[in-house]
Amino acid sequence: MKKTFCGALLVALALVGCGGGGGSSSTGTNSSNQSSQGANNGAGGGGNPASTANNTVTVTVNGGKYSGGTYNVMNSPMVSVTLCQHNTSNCVTIPDILVDSGSSGLVLNAAAIPSSFNLPAETVQSDGNPIGACTEYGGGIAWGPMVTADVQMAGETAESVPVEIAGGSSSSFAAAPSACSDYGTLFSSSYSMGANGILGIAGDYNISYTGTNYYDCTSTTCGSSAIAPDSTQTLTGVIGKFASDNNGAILSFPAITGNGAASMTGTLTFGLNTQSNNQTANVPMVNGLSNSSMEAQYNNENMIAILDSGSSNEILSSAPMSTCIVSGYSVTWFCPSSDTTQNTSFVYQGSGGGTPLNVTFTVGNAQTLLTQSGSTTNYAIPNLAEEDELFSSQYLDLGMSFLYGHTLYIGYPLNGAPNPTIGLTTTGS
Amino acid sequence: MAIKKSQSAFKHSSLGHVAVAAAMLAVSLSAHAALGDFPLSGANKHVMGTRTVNPTFSAFAQAPGAVVAASAFTINSVTLDTGTTVKEYVATATNRVFAIVWNGPSLPNLREILGASFDAYVAAPTGPNGQHPGGPSSRSYSANGLVVHSHGIPGHFAGYAYLSAAFPAGVTLQTLRQAQ
């Protein structure tokens, strides 16, 4: 299943290609330059009835005081999510769920859910066995059963959402088959996930976004080959299943003053152009690829740019800046002697690509940022960039340390379109 | 994942008995195909194709020593059935892989391509200093001359790994960055 899709995706990427671009000199927002993609997003301003639901939740970056965690994580944007047994008031609220603009679907950590709270399993329709899910992230693998829950955030409810309960090889569910566990580190606890769960906000219904394989499992073992469950049983974007405000999401943070802060609060707003607080009329939007990625130019090269709140910092393949090692961290950081401005341009090469979106980001000295006075209690740190030492990716990954001071708009694809639209502004502009 | 005889090796061969013999030989080699060991081959059922080239170096990056380095290693470019590509840097003198990079829509089977280094990577603590780079999108390991870094989002994964002590003389990370 996965393999077929991924081949198709590669072909699609090759066809759209890269290149071209350049453009205006504006940075971030461009209020005079509304693109056609922006106008295509969601309900638009054209007279659709406005939702009256409370459609925004607070996102907190404060080290993530998640269950079982023995240390804190920096630049991890967290929200609370309420799970309910379908159509009942039997609910639990789970804090410190990481908001991930780079994935889709809700994956919760078993350790964060009270043992007394049970949710019905998604089962294989042919034999009634529970479905095990293996979801790939860049930093590891979520393995566990699929269940069904009503999901509430702010005033919104999504009914009967398939949710993965990641528990690694816990005794309550079969161990991951090798076809899953051989691909990376299992998120076997909140400790290794760094959160009580992951709320992917990148897409709505397109299951191919999730990078998830499913298995037919008994209580003790799973089949070795992936299965294809019914599409109503697989991971899906929660926001897309809300009754209203379901056509997109906005993740917004104020800028950090100085080199860091103990905590920062932003907002996650549901829907585009459905209420007064989610208008995109002045937001330049570009056609994206899957999961908040888009074609881009950086350092005169064509590449894929990823706007990923699930990355704590930027990851750059090729940048003309000095690097350094910071004690305690297993990566190579960029450490320019002073804050260095970098420019990139998001350019969609397909038809209706619209105007390139020019973006400026800053790379600070990681040694200074990570060891400054107060750094041990600063969980929100801007302008951190690490080096992809072997240029493996040709990706420009702009992570959470970039998103401070920015507002990210994700318009879910409509009418079967494969990919979202992406907008980015300077917060408050 | 058990390594089985390659279906693709048969599929693309017009000489069945030759393919059988080649596959049997390759099975014995591919059981040790990984970082620190032999390069990947078509004996791995997920390998759709391989291409081994002598490295060339972009003109702007031509550096002293590059000529020496060009004969010190080859690049084995492997395309997996998921569309993900794996490049293995293979030391000429030993025919052992000393560095790898991957890039593509799915994670590669890291146990297969990291070999003996896989267990150290997946078991590594994610942050010793009270905080660490958060988020599910990346994971890094660096100890005892082994470096592993995996990052990305569904649809766009990438990573690299290398064994510092296994680099051929005169070859550096910068050499590999400049090699094509």
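Every chain is numbered from 1, with letters handed out A, B, ... down the list of sequences. Just so it is clear, the values below take in all heavy atoms, side chains as well, and ignore hydrogens, waters and symmetry mates.
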Please give me the minimum heavy-atom distance between [X] and [Y], naming the atom from each residue.
X	Y	result
Tyr141(B)	Ser330(A)	N-OG, 4.0 Å
Glu136(A)	Pro154(B)	O-CG, 3.6 Å
Tyr137(A)	Phe157(B)	C-CE2, 3.5 Å
Asp182(A)	Phe118(B)	O-CE1, 3.5 Å
Glu387(A)	Arg177(B)	OE2-NH1, 3.8 Å

Worksheet entry | Test applied, side chain to side chain contact (heavy atoms under 4.5 Å, CB included); reference residue, Pro136(B); option that passes from Asp308(A), Thr135(A), Leu98(A), Val107(A) | Leu98(A)
Worksheet item: Checking side chain to side chain contact (heavy atoms under 4.5 Å, CB included) against Val331(A), which of Ser142(B), Ser140(B), Ser138(B) comes through?
Response: Ser140(B)
Worksheet item: Has Asn144(B) got more than 12 heavy atoms of other residues, nucleotides or ligands less than 6.0 Å from its CG?
Response: no
Of the backbone (N, CA, C, O) and the side chain (C-beta and beyond), which part of [X] lies under 4.5 Å from a heavy atom of chain A, both, or neither?
X	answer
Ile100(B)	backbone
Tyr162(B)	side chain
Val148(B)	neither

Worksheet item: Under a 4.5 Å heavy-atom cut-off, does chain B meet the side chain of Ser309(A), its backbone, both or neither?
Response: neither
Worksheet item: Does any heavy atom of chain B fall under 4.5 Å from the side chain of Ile141(A), the backbone, both, or neither of them?
Response: side chain
Worksheet entry | Short side-chain to backbone donor-acceptor contact, Ser137(B) and Gly310(A), under 3.5 Å | yes
Worksheet item: Arg139(B) side chain to Gly138(A) main-chain N or O, any donor-acceptor pair under 3.5 Å?
Response: no
Worksheet item: When heavy-atom pairs shorter than 4.5 Å are enumerated against chain B, which of Asp100(A), Asp397(A), Ile198(A), Thr185(A) gives the highest number?
Response: Thr185(A)
Worksheet entry | Distance (rounded to the nearest 0.5 Å) between Ile153(B) CD1 and Ile304(A) CD1 | 9.5 Å
Response to the item:
Interatomic distance, OG@Ser178(A) vs CG@Asn109(B), rounded to 0.5 Å, equals 8.0 Å
Item to complete: Look at Pro108(B), Ala99(B), Ala161(B), Ala143(B) and state which one has the largest set of heavy-atom pairs under 4.5 Å with chain A.
Response: Pro108(B)
Discussion item. Side chains of His149(B) and Glu386(A), heavy atoms from C-beta outward: is any pair under 4.5 Å?
Written reply: yes
